[in-house]
Undergrad: 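Below you will find the structure I want to go over with you.
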Amino acid sequence: MDLQHILQQKIQEVVLKEYEVELPAVEFQPTRKDFEGDVTVVVFPMLRFVKGNPVQIGERIGAFLKEEVDQVTDYNVVKGFLNLVISDAFYLRFFNTVKSEAQYGWVPQGPEAIMVEYSSPNTNKPLHLGHIRNNLLGYSVAEILKAAGKKVYKTQIINDRGIHICKSMLAWQRFGNGETPQSTGLKGDKLVGNYYVAFDKAYKEEVAEMTAKGMDGNLAEKEAPILQEAQQMLQRWEAGDTEVVDLWKKMNGWVYEGFELTYKNLGVDFDTLYYESDTYLLGKEFVREGLEKEVFFKKEDGSVWCDLTEEGLDEKIVLRSDGTAVYMTQDIGTAIQRVKDHPDINGMVYTVGNEQDYHFKVLFLILKKLGFSWAERLYHLSYGMVDLPSGKMKSREGTVVDADDLMAEMTRTAAEISEELGKLEEYTLEEKQELYQMIGLGALKYYILKVDPKKRILFNPEESVDFQGNTGPFIQYTYARIQSILRKADEMGIDHTAMVEVEQLHAKEKELLKQLQLFPETIQAAATNYSPALVANYIYELVKEFNSFYQQVSILGEVDETKRQFRVALSKKVGEVIKLGFGLLGIQVPVRM
RNA sequence: GGCCUCGUAGUUCAAUGGAUAGAAUAGAAGUUUCCUAAACUUUAGAUGCAAGUUCGAUUCUUGCCGAGGCUACCA
C-alpha cells in the first residue's frame, strides 16, 4: 500500500475518533518548496464535514500522524495546510524498490486496444511545420498510451483521392514536359507540390482574365476551365478511367517516396496505413444503408444529408448530387473499416487540427446514429494551428515552413553551436552528424511538444528555436553529463548496483527522489489528458532538480563510500527516467555532447 | 449573426478550485585550479476588463474587449 493510502486511512481514523465524522476523501499535494515538509494535507475541504478551526484540526491530525505513522517524522500547520515531513527511510525504500526496474513507470499491457491516427496528409504537396506538430503529437500520444498499458495501433489515412490531387495531375500534364523526381533531382513530394502551385497560378490567371471580360468574380471562380477540367478528371478517376488512374498511381508513388524520407528523419512510424481511395466506397455503402435506416435523407437534386438540427448542429452533406463522395463519406468508411480489420479496437484517437472540431463532432455523431457501439469511444485530439507572424501557412501561396528544410536547419544550428563548444574532437564525421541531428531535432520536438496541444503556436522563422534554458538540448545535455559520470564511476570501480543503505539524505537527494516518485502518475495523467506536454514539463523539473544537485553535491568526489555509491545509482536512475520520458516524446538522448 | 478555442512578465511556456502565480529567454550582477559552463547562483518584471459562486478563482458562471477558427456539393 502506498503512503497516500496509509495517510488517508489514518486521517479518516483520527477524524472519526476525534470528531465522530466519516471523511470521504483527503486531498494531498506535494509541499511547496517555500515550506517545510514533503506532503501536504489540505484541511479546508474537511470543513464541510468537520466543524472547527482549520489550524486546530490540522494540528490534531498532524500530532496523531506523527505518533502513529512511522514515515511521518514531523509536521507543521500553516493556515489550512498540514505539511508532513516524511522520513528519509521511506524515500530510500522507494528507491531500492525501483532502482533496477528497466521500465519504471510503465503499466503492463491490458486487453484494450486503441488506434491512434496522425499525420494523414494530402498527397499533393510536401509536409510542412503544421504536419510536424501533428506527427509529433500523434506519435507521442501513441507512445504514452502504450506506456499506460494500452495496446496501440498507429495509423494514418492517406488522402490520396480528391480534387486536390487532380489539380496537381492536371498541371503536370499541361506544364510538366514529362518531368520526374529522377530527371529533376527533386524529392517526389516537392515535385508534385510544385505542380499544385502551378495549377493555382494558372487558375488565378484564368479567373482574372474572365473577370476582366466582365464576368462576376464568384462565377468565374466556379467556371474557370482549368478547374472544371480538374473536376472532370475526378469523375473520370471515380469511373476508373485507366489513363487517369495510371497517372494518379505514378504521381502518388512519387509523393509516398518523399513522405517516407521525411517520416524517417522525423522518427515517426505507422503500424498500418489506410488509403482514402480504398475506404470511400465503403463509406458510400454505409450512406446507402443510412438512407434505408433513415439516418440520412435525400434532397431533390440527389445529394444525401444528415439532419443534426436536433443535436443543435446543422444539416451535413454526406454524398454529392453527382454521387461522388465527400470528406465525411470517406471518414465514415475508414472508421468502419478499421474496426473490421482490428476487432480488439475499443477506441480511436484522431490527431487533427482544431479547424476540424466541427467535422469530428459531426462524424462521431453520425457514427453513433448509425449504431456503432465503439462510436462512444472516439476522441478528437485537437490541436492549435502553427501560424507564422504573417498569418496562416498556405501551400498554394508558398508561405509555408517546409518540414525537410526546417529539420535540416535545426541540425545545422546544432552543428554550429557544437563546433563552437568543440567538445567532440574524437568523434568521426558520421558520429558528429548523427549527434547534430539528434540535438537539432530534440530542440524542435521539445519546443513543440512542451506546449499544451490546444494552444496555437506562433512560429517565427526569423528567431531560431532556442538551445538553452527550457529546451530539448538542455535536457539532452544533462543526460550526457550523467552518462559521463557513469563512465567515470565504472573506471573507478564504483559499484552502484547494491542496495542503498545510507543513513541520511541530503536535501537535494530527497528532492530528486520525490520527483522520481512522480513519474508513474505523470505518465497516467499524460495518457488520460492526451498531453505529451505533461511529460515534457515533468522531465524539465527533474532535470532542473538534478542540475542543482550536481552543482551543490559532489558525486564521484564524495569520500563516504556508501554515499558515493548511492549518488551514482541515483544519477543513473535520473538518466534512465530522462531517457524513458524523452522516449515518450520521440526524442533521443546522446551519451556525449 | 450563430457556434468553438485561446487571452498570464518585453517574449516563449507552467500552475487536479488552494499557500507568497512558477520557469525559460531577453536585461542587470556573479560562479571554472573541482564529476562536461548547452550548466549553476542572485536580481527585476505578469493573470485583458467587470461582476458572480466559494473559506479560497489564472482555473468555474455571466457580460464586455481582443486574437484565431468553423459555419463549403474543398480535404
Side-chain angles (χ1 to χ4, degrees), chain A residues 27 29 31-35 40 42-45 47-48 54 78-81 83 120-122 124 157 159 161-165 167 276 299 301-305 312-314 316-322 324-328 330-331 353-359 361 382 384-385 387 391-392 414 417-418 420-421 423 439 443 447 450-452 454-458 460 463 465-478 480-489 492 525 529 533-534 536-537 540-541 543-544 547-548 550-558 567-568 571 592-593:
Chain A
E27 194 179 317
Q29 55 186 249
T31 303
R32 290 182 54 151
K33 292 254 168 63
D34 342 331
F35 301 92
T40 295
V42 189
V43 183
F44 290 112
L47 295 179
R48 258 189 292 162
V78 182
K79 295 183 191 169
F81 298 92
N83 301 319
S120 305
N122 288 344
N124 62 331
I157 177 77
N159 302 302
R161 180 205 80 87
I163 191 76
H164 53 91
I165 180 70
K167 289 176 179 174
E276 184 189 332
K299 290 194 176 173
D301 62 4
S303 56
V304 180
W305 298 72
L313 304 173
D314 293 329
K316 187 76 190 176
I317 187 158
V318 291
L319 202 65
R320 290 195 191 98
S321 53
D322 64 5
T324 55
V326 292
Y327 184 31
M328 191 59 76
Q330 63 98 358
D331 262 359
N354 64 10
E355 56 189 357
Q356 295 190 34
D357 286 356
Y358 184 72
H359 172 81
K361 215 186 218 176
S382 164
M385 294 288 101
D387 290 329
K392 208 175 167 175
I417 295 173
S418 201
E420 217 168 283
L421 294 171
K423 296 180 188 172
I439 296 170
Y447 174 80
K450 76 170 180 188
V451 182
D452 185 297
K454 278 202 305 282
K455 290 201 172 166
R456 171 170 173 252
I457 291 183
L458 195 69
N460 189 347
E463 298 165 20
V465 174
D466 277 335
F467 284 70
Q468 267 155 13
N470 185 358
T471 67
F474 166 74
I475 289 161
Q476 289 172 321
Y477 173 70
T478 304
R481 258 183 174 180
I482 291 173
Q483 300 318 302
S484 171
I485 289 173
L486 295 179
R487 281 192 297 270
K488 293 209 163 112
M492 292 164 68
N529 293 301
L534 297 180
N537 290 333
Y540 177 63
E541 289 303 322
V543 162
K544 261 176 66 93
N547 278 336
S548 181
Y550 179 91
Q551 182 73 21
Q552 285 191 28
V553 179
S554 187
I555 299 167
L556 298 174
E558 170 59 44
R567 285 174 189 169
V568 171
S571 303
R592 289 187 52 182
M593 72 184 268

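Throughout, a chain's letter reflects where its sequence line sits, starting with A, and its residues are numbered from 1. Keep in mind that this is a model prediction, so the values were computed, not measured. The figures here come from the full heavy-atom set of this structure, side chains too, leaving out hydrogens, waters and symmetry mates.
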Undergrad: Without decimals, in angstroms, what is the distance between A:L313 CG and B:A72 P?
TA: 12 Å

Undergrad: Between B:C70 and B:A14, how far apart are the C1' atoms? Round to whole Å, please.
TA: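 The same atom, C1', in both gives a distance of 29 Å.
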
Undergrad: For A:Q356, answer base if it contacts any base atom (sugar-phosphate contacts may also be present), sugar-phosphate if it contacts only those atoms, and nothing otherwise; contact means non-hydrogen atoms under 4.0 Å.
TA: base

Undergrad: Please work out whether B:U32 sits syn or anti, treating a glycosidic angle within 90° of 0 as syn.
TA: syn

Undergrad: Under the side chain to side chain contact (heavy atoms under 4.5 Å, CB included) rule, collect the residues that match up with A:V78, sequence neighbours excluded.
TA: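 By the side chain to side chain contact (heavy atoms under 4.5 Å, CB included) rule, A:V78 matches A:F35, A:N76, A:N83.
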
Undergrad: Under 4.0 angstrom, heavy atoms only, what part of the nucleic acid is A:I163 near: base, sugar-phosphate, or nothing?
TA: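 Sugar-phosphate contact only.
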
Undergrad: Write down the distance separating the C1' atoms in B:U33 and B:G18, rounded off to the nearest Å.
TA: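 Here B:U33 and B:G18 have their C1' atoms 49 Å from each other.
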
Undergrad: Rounded to the nearest 0.5 Å, how far apart are CE of A:M593 and CD of A:Q476?
TA: 5.5 Å

Undergrad: For A:N354 and B:A67, give me the distance from atom CG to atom P, rounded to whole Å.
TA: 17 Å

Undergrad: Could you tell me which residues satisfy side-chain hydrogen bond (donor to acceptor under 3.5 Å, both in side chains) with A:T324, sequence neighbours excluded, listed by chain and number?
TA: A:R320, A:D322

Undergrad: Please list each protein N or O that sits under 3.5 Å from an N or O in nucleotides 16-18 of chain B, with the distance.
TA:
unit_1, atom_1, unit_2, atom_2, d
B:U16, O4, A:E27, OE2, 2.5

Undergrad: What string of B, S and - do you get for nucleotides 31-44 of chain B, 5' to 3', if B is base contact, S is sugar-phosphate-only contact and - is no contact with any protein heavy atom under 4.0 Å?
TA: ----BBSBSSS---

Undergrad: Checking A:N124 now: which residues fulfil side-chain hydrogen bond (donor to acceptor under 3.5 Å, both in side chains) with it, not counting sequence neighbours?
TA: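 Scan of A:N124 (side-chain hydrogen bond (donor to acceptor under 3.5 Å, both in side chains), adjacent residues dropped) gives none.
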
Undergrad: Between atom CD of A:E558 and atom CG of A:L556, what is the distance when rounded to the nearest 0.5 Å?
TA: 10.5 Å

Undergrad: Quick one: label A:N83 by what it contacts on the DNA or RNA (base, sugar-phosphate, nothing), any heavy atom closer than 4.0 Å.
TA: base

Undergrad: Using a 3.5 Å limit on both pairing distances, list the dot-bracket string of RNA chain B from the 5' end; Watson-Crick and G-U wobble pairs count, crossing pairs take [ ], interstrand pairs take |.
TA: (((((((..((((....[...)))).(((((.......)))))....(((((..]....))))))))))))....

Undergrad: In whole angstrom, give me the gap between the C1' atoms of B:U58 and B:C74.
TA: 39 Å

Undergrad: Between B:A39 and B:C3, how far apart are the P atoms? Round to whole Å, please.
TA: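 That atom pair is separated by 48 Å.
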
Undergrad: What is the distance, rounded to the nearest whole Å, between atom CD of A:E355 and atom C1' of B:A72?
TA: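 Taking CD of A:E355 and C1' of B:A72, I get 14 Å after rounding.
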
Undergrad: Distance from A:D387 atom CG to A:N460 atom CG, nearest 0.5 Å?
TA: 12.0 Å

Undergrad: Nearest whole Å is fine: how far is B:C3 P from A:K361 NZ?
TA: 11 Å

Undergrad: Give a yes or no on whether the backbone of A:S554 and the side-chain of A:R567 come within a donor-acceptor separation of less than 3.5 Å.
TA: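 Between the backbone of A:S554 and the side chain of A:R567 there is a qualifying donor-acceptor contact (under 3.5 Å).
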
Undergrad: Determine the interatomic distance between P on B:C6 and the same-named atom on B:U42; round to the nearest Å.
TA: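 Roughly 35 Å separates the two P atoms.
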
Undergrad: Please state how far atom NE2 in A:H359 lies from atom C1' in B:U5, giving the value in whole angstrom units.
TA: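 Result: 18 Å.
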
Undergrad: Looking at residues at least two apart in the chain, or sitting in another chain, which of them share a ring pair (Phe, Tyr, Trp, His ring centres under 6.0 Å) with A:H359?
TA: A:Y327

Undergrad: Considering only the P atoms, how many Å lie between B:U47 and B:U53, rounded to the nearest integer?
TA: 24 Å

Undergrad: A:S303: which residues meet the side-chain hydrogen bond (donor to acceptor under 3.5 Å, both in side chains) condition with it, sequence neighbours left out?
TA: A:D301, A:W305

Undergrad: Write down the distance separating the P atoms in B:U36 and B:A21, rounded off to the nearest Å.
TA: 38 Å

Undergrad: Closest to the A:Y540 side chain: B:U71, B:A75, B:A24?
TA: B:A24

Undergrad: Any base atoms under 4.0 Å from A:N122, or only sugar-phosphate, or nothing? Heavy atoms, all strands.
TA: sugar-phosphate

Undergrad: Could you encode protein contacts along nucleotides 6-15 of chain B as a string, one character per nucleotide from 5' to 3', using B for base contact, S for sugar-phosphate-only contact and - for no contact, with a heavy-atom cut-off of under 4.0 Å?
TA: SS-----SS-

Undergrad: Please give the distance between the P atoms of B:U43 and B:G7 as a whole number of Å.
TA: 29 Å

Undergrad: Could you state the NZ-P distance from A:K299 to B:A72, rounded to the nearest angstrom?
TA: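 Between P of B:A72 and NZ of A:K299: 11 Å.
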
Undergrad: How would you label the contact of A:T324 with the nucleic acid (heavy atoms, under 4.0 Å): base, sugar-phosphate, or nothing?
TA: nothing

Undergrad: Let me know the distance between CE of A:M328 and C1' of B:C70, rounded to the nearest Å.
TA: 12 Å

Undergrad: Pick the closest RNA chain B nucleotide for A:G162 and for A:D314 by heavy atoms, then say which residue is nearer the 5' end.
TA: A:D314

Undergrad: Going by side-chain hydrogen bond (donor to acceptor under 3.5 Å, both in side chains), name the residues that satisfy it together with A:N547, two or more places apart in sequence or in a different chain.
TA: A:T478, A:R481

Undergrad: Who pairs with A:Y540 by ring pair (Phe, Tyr, Trp, His ring centres under 6.0 Å), at least two apart in sequence or on another chain?
TA: A:F474

Undergrad: Checking A:S548 side chain against A:K544 main chain: does a donor-acceptor pair fall under 3.5 Å?
TA: no

Undergrad: Any heavy-atom pair between the side chains of A:I165 and A:N122 that's under 4.5 Å?
TA: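 Contact flag for A:N122/A:I165 side chains = no.
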
Undergrad: Test of understanding: with ring pair (Phe, Tyr, Trp, His ring centres under 6.0 Å), list the residues that count as partners of A:F44, not counting sequence neighbours.
TA: A:F81

Undergrad: Are A:D466 and A:T471 linked by a side-chain donor-acceptor pair shorter than 3.5 Å?
TA: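 No donor-acceptor contact under 3.5 Å links the two side chains.
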
Undergrad: Check whether any side-chain N or O of A:N159 sits under 3.5 Å from a backbone N or O of A:E276 as a donor-acceptor pair, and report yes or no.
TA: no

